[in-house]
**Q** 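Please see the structure below; I have some questions.
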Amino acid sequence: MRILKKYTALILSIMTAIAIFAGCGSEEKPDTTAAVDKASLPEDVQQIVDRGVLKVGVKNITKGFGYEDPATGEYSGLEISLAKELGKYLGVDVEFTPVTAATRTALLDSGDIDCVLATFTITDERKKSWDFTTPYYTDHVSVLVENSSGIKKLTDLKDKTVGVSSGSTSAKSLVEAMVKAGIIPADAYDAATFDPATWTTGVKFKQYDDYPSISTALSAGEVDAFCVDKSILAIYNTEGRSYIEEEFAPQDYGIATKKGSGLSKVCEELVQKWLQDGTISKYEAENGLK
Ligand code: GLU
């Protein structure tokens, strides 16, 4: 009897060891095994690993990039998939915070989010304040109008009012394109001092906090046109509306992180890897971006 007890105890402890080794019996936590050794990570990234959650700022109304299904609350898009890859690499969960062009930098600065994957265009000006990875996608700016306006080309925008998002590259991109096309005199424009709020030469701007508001303003005739990256404009290109002929100003999207942070380095290494190993191409195709 004592021998039997001894054997039972032995078998039980072997089974427990196997269960622990195989990860059985632990809480359901799908595939959060880090692909990287925590000790090899920069200190700020180790803190994210300890916290167990990577906080990512994403768009929630930009189909193909960052979109939250209103019915299910589920996020999808290229930027969502890349954020999940980043979480998987670190072995942490990913928490999405919806951001706009107007809110994303303040949320990053305050530490409410660790990084931004939100159609965030890399510019020299922005690089002074935040780190950006190598681009993972390149879009262009265009302009959406009501067909009834008769606006078809860049030249037709002369002296019109254009709706743009605050904190975006759109107004500057449009003015530069109009200067290039000879619609606005080159000597009237200075990139260093340009401000959409006060600009009145050849075109005027109204700034909004979000894109649905610009779309509503376009329908109401409050603005003559809606200007931003084509990827963002897509869901507003509804019946009775069209893009003008031109698209301009390449917009390179990068992951933005706090300047000088260890996370910047990790993101850069991963983007380089994803560009090379086909991860980005795969997610582009999955999201209809090719
Ligand atoms: N991509 C542009 C920018 O970064 C448009 C704004 C936006 O992403 O919402 O300024």
Side-chain angles (χ1 to χ4, degrees), residues 32 34-60 62 65-66 77-139 165-170 172-173 191-195 229 249-277 279-280 283:
T32 48
V36 64
D37 174 20
K38 186 184 130 189
S40 69
L41 292 167
E43 217 180 295
D44 58 306
V45 187
Q46 290 194 23
Q47 278 166 17
I48 294 171
V49 173
D50 290 340
R51 191 210 286 152
V53 179
L54 176 74
K55 297 185 279 183
V56 186
V58 294
K59 290 290 183 77
N60 63 349
T62 306
F65 291 85
L78 167 69
E79 290 167 333
I80 303 301
S81 300
L82 294 182
K84 286 182 180 167
E85 286 287 339
L86 186 51
K88 198 165 129 194
Y89 175 78
L90 298 174
V92 297
D93 293 330
V94 180
E95 180 186 290
F96 296 118
T97 298
V99 299
T100 65
T103 65
R104 60 193 165 192
T105 53
L107 289 168
L108 185 57
D109 290 344
S110 65
D112 284 306
I113 52 177
D114 301 309
C115 59
V116 178
L117 269 129
T119 66
F120 202 0
T121 303
I122 306 163
T123 68
D124 288 340
E125 188 59 31
R126 289 173 176 171
K127 278 201 276 188
K128 288 180 198 159
S129 307
W130 304 282
D131 284 333
F132 286 87
T133 61
T134 294
Y136 54 81
Y137 189 84
T138 302
D139 196 23
S165 163
S166 358
S168 73
T169 51
S170 315
K172 200 170 192 178
S173 300
T193 58
F194 175 78
D195 179 2
D229 310 0
Q251 302 288 303
D252 286 334
Y253 298 160
I255 303 179
T257 38
K258 273 199 176 156
K259 201 151 185 67
S261 66
L263 186 59
S264 308
K265 287 195 207 94
V266 172
C267 289
E268 176 59 22
E269 277 167 26
L270 285 176
V271 170
Q272 295 277 3
K273 179 179 165 287
W274 296 335
L275 286 167
Q276 273 162 31
D277 70 9
T279 300
I280 289 180
Y283 289 135

**Q** Quick check: do Lys172 and Phe194 have side-chain heavy atoms less than 4.5 Å from each other?
**A**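 Sidechains of Phe194 and Lys172: in contact.
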
**Q** Closest approach of Val36 and Ser40, non-hydrogen atoms and distance?
**A**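 For Val36 versus Ser40, the nearest heavy atoms are CG2-OG, 3.7 Å.
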
**Q** Can you sort out the partners of Tyr283 under ring pair (Phe, Tyr, Trp, His ring centres under 6.0 Å), two or more places apart, ordered by chain and number?
**A**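 Counting only residues at least two positions away or on another chain, Tyr283 forms no ring pair (Phe, Tyr, Trp, His ring centres under 6.0 Å).
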
**Q** Ignoring hydrogens and angles, tell me if any N or O in the side chain of Thr133 forms a donor-acceptor pair with the backbone of Ile255 under 3.5 Å.
**A**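 Answer holds: yes.
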
**Q** Report the C-alpha distance between Ile80 and Val58 in whole Å, list the side-chain angles of each, state the deciding distance to 0.1 Å, and finish with yes or no for side chain to side chain contact (heavy atoms under 4.5 Å, CB included).
**A** CA-CA 7 Å; Ile80 303 301; Val58 294; 3.8 Å; yes

**Q** To the nearest 0.5 Å, what is the distance between OG (Ser261) and CG (Leu263)?
**A**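 One finds 5.0 Å between OG of Ser261 and CG of Leu263.
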
**Q** Please find the pair of heavy atoms, one from Thr257 and one from Cys115, that lie closest to each other, and give the distance.
**A**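 Heavy atoms of Thr257 and Cys115 come nearest at CG2-CB, 3.7 Å.
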
**Q** Just one of Lys258, Lys55, Arg51 clears the salt bridge (Lys or Arg N to Asp or Glu O under 4.0 Å) bar with Asp114, so which one?
**A**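 Among Lys258, Lys55, Arg51, the one meeting salt bridge (Lys or Arg N to Asp or Glu O under 4.0 Å) with Asp114 is Arg51.
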
**Q** To the nearest 0.5 Å, tell me how far Asp252 CG sits from Thr138 OG1.
**A**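 Between atom CG of Asp252 and atom OG1 of Thr138 there are 4.0 Å.
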
**Q** Would you list the pairs meeting salt bridge (charged side-chain N to carboxylate O under 4.0 Å, His left out) in which at least one residue belongs to residues 116-128, sequence neighbours left out?
**A**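 For residues 116-128, and leaving out neighbouring residues, the salt bridge (charged side-chain N to carboxylate O under 4.0 Å, His left out) pairs sorted by first residue read Asp124-Lys127, Glu125-Lys128.
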
**Q** Mind checking the CD1-CD spacing from Ile280 to Gln272? Nearest 0.5 Å is all I need.
**A**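 Ile280 CD1 to Gln272 CD: 9.5 Å, rounded to 0.5 Å.
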
**Q** Would Lys59 and Phe96 count as a side chain to side chain contact (heavy atoms under 4.5 Å, CB included) if you check the C-alpha gap in whole Å, the side-chain angles of each, and the deciding distance to 0.1 Å?
**A** CA-CA 9 Å; Lys59 290 290 183 77; Phe96 296 118; over 6 Å; no

**Q** Taking all non-hydrogen atoms of both residues into account, name the closest pair between Val92 and Val53 and its distance.
**A**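 What the structure gives for the nearest pair is CB-N, 3.9 Å.
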
**Q** Would you indicate whether the side-chain heavy atoms of Tyr253 and Gln251 approach each other to under 4.5 Å?
**A**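 Yes, their side chains come closer than 4.5 Å.
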
**Q** Donor-acceptor check, side chain of Glu95 to backbone of Val56, threshold 3.5 angstrom: yes or no?
**A**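 Not a single qualifying donor-acceptor pair exists.
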
**Q** Taking the side chain as everything from C-beta on, heavy atoms only, tell me whether Ser129 gets closer than 4.5 Å to Thr105.
**A**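 Contact flag for Ser129/Thr105 side chains = no.
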
**Q** If you round to the nearest 0.5 Å, how far is SG of Cys267 from CG of Leu82?
**A**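 Rounded to the nearest 0.5 Å, the CG-SG separation comes to 10.5 Å.
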
**Q** Decide yes or no on side chain to side chain contact (heavy atoms under 4.5 Å, CB included) for Thr97 and Asp112, but give the supporting numbers first.
**A** CA-CA 9 Å; Thr97 298; Asp112 284 306; over 6 Å; no

**Q** What class does the angle between the rings of Phe120 and Trp130 fall in, given that below 30° is parallel, 30 to 60° is tilted and above 60° is perpendicular?
**A**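 Tilted, since the angle between the ring planes falls between 30° and 60°.
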
**Q** OG/Ser168 to CZ/Arg104 distance, rounded to the nearest 0.5 angstrom?
**A**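 If we round to the nearest 0.5 Å, Ser168:OG and Arg104:CZ are 8.0 Å apart.
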
**Q** Test side chain to side chain contact (heavy atoms under 4.5 Å, CB included) on Thr134 and Leu275; report intermediate values, then the result.
**A** CA-CA 9 Å; Thr134 294; Leu275 286 167; 3.8 Å; yes

**Q** For a quick test of reading the model, state the closest non-hydrogen atom pair linking Gly262 to Val45 and the distance between them.
**A**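 Smallest interatomic distance, heavy atoms only, reads C-CG2, 3.7 Å.
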
**Q** Can you find a heavy atom in the side chain of Thr123 that is under 4.5 Å from one in the side chain of Thr169?
**A**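 A side-chain contact under 4.5 Å exists here.
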
**Q** Minimum heavy-atom separation for Gly260 and Asp131, please, with both atom names.
**A**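 Nearest heavy atoms, Gly260 then Asp131: N-OD2, 2.6 Å.
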
**Q** I want to check something: taking the side chain as every heavy atom from C-beta on, are Leu86 and Leu270 in contact at a cut-off of under 4.5 Å?
**A**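 Heavy-atom side-chain distance check passes, below 4.5 Å.
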
**Q** Let me confirm one number: the CD1-CG distance from Ile113 to Leu108, rounded to the nearest 0.5 Å.
**A**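 If we round to the nearest 0.5 Å, Ile113:CD1 and Leu108:CG are 5.5 Å apart.
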
**Q** Considering all heavy atoms of both residues, which atom of Thr119 and which atom of Tyr136 are nearest to each other, and what is their separation?
**A**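 Between these two residues, the closest heavy atoms are N-OH, 4.2 Å.
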
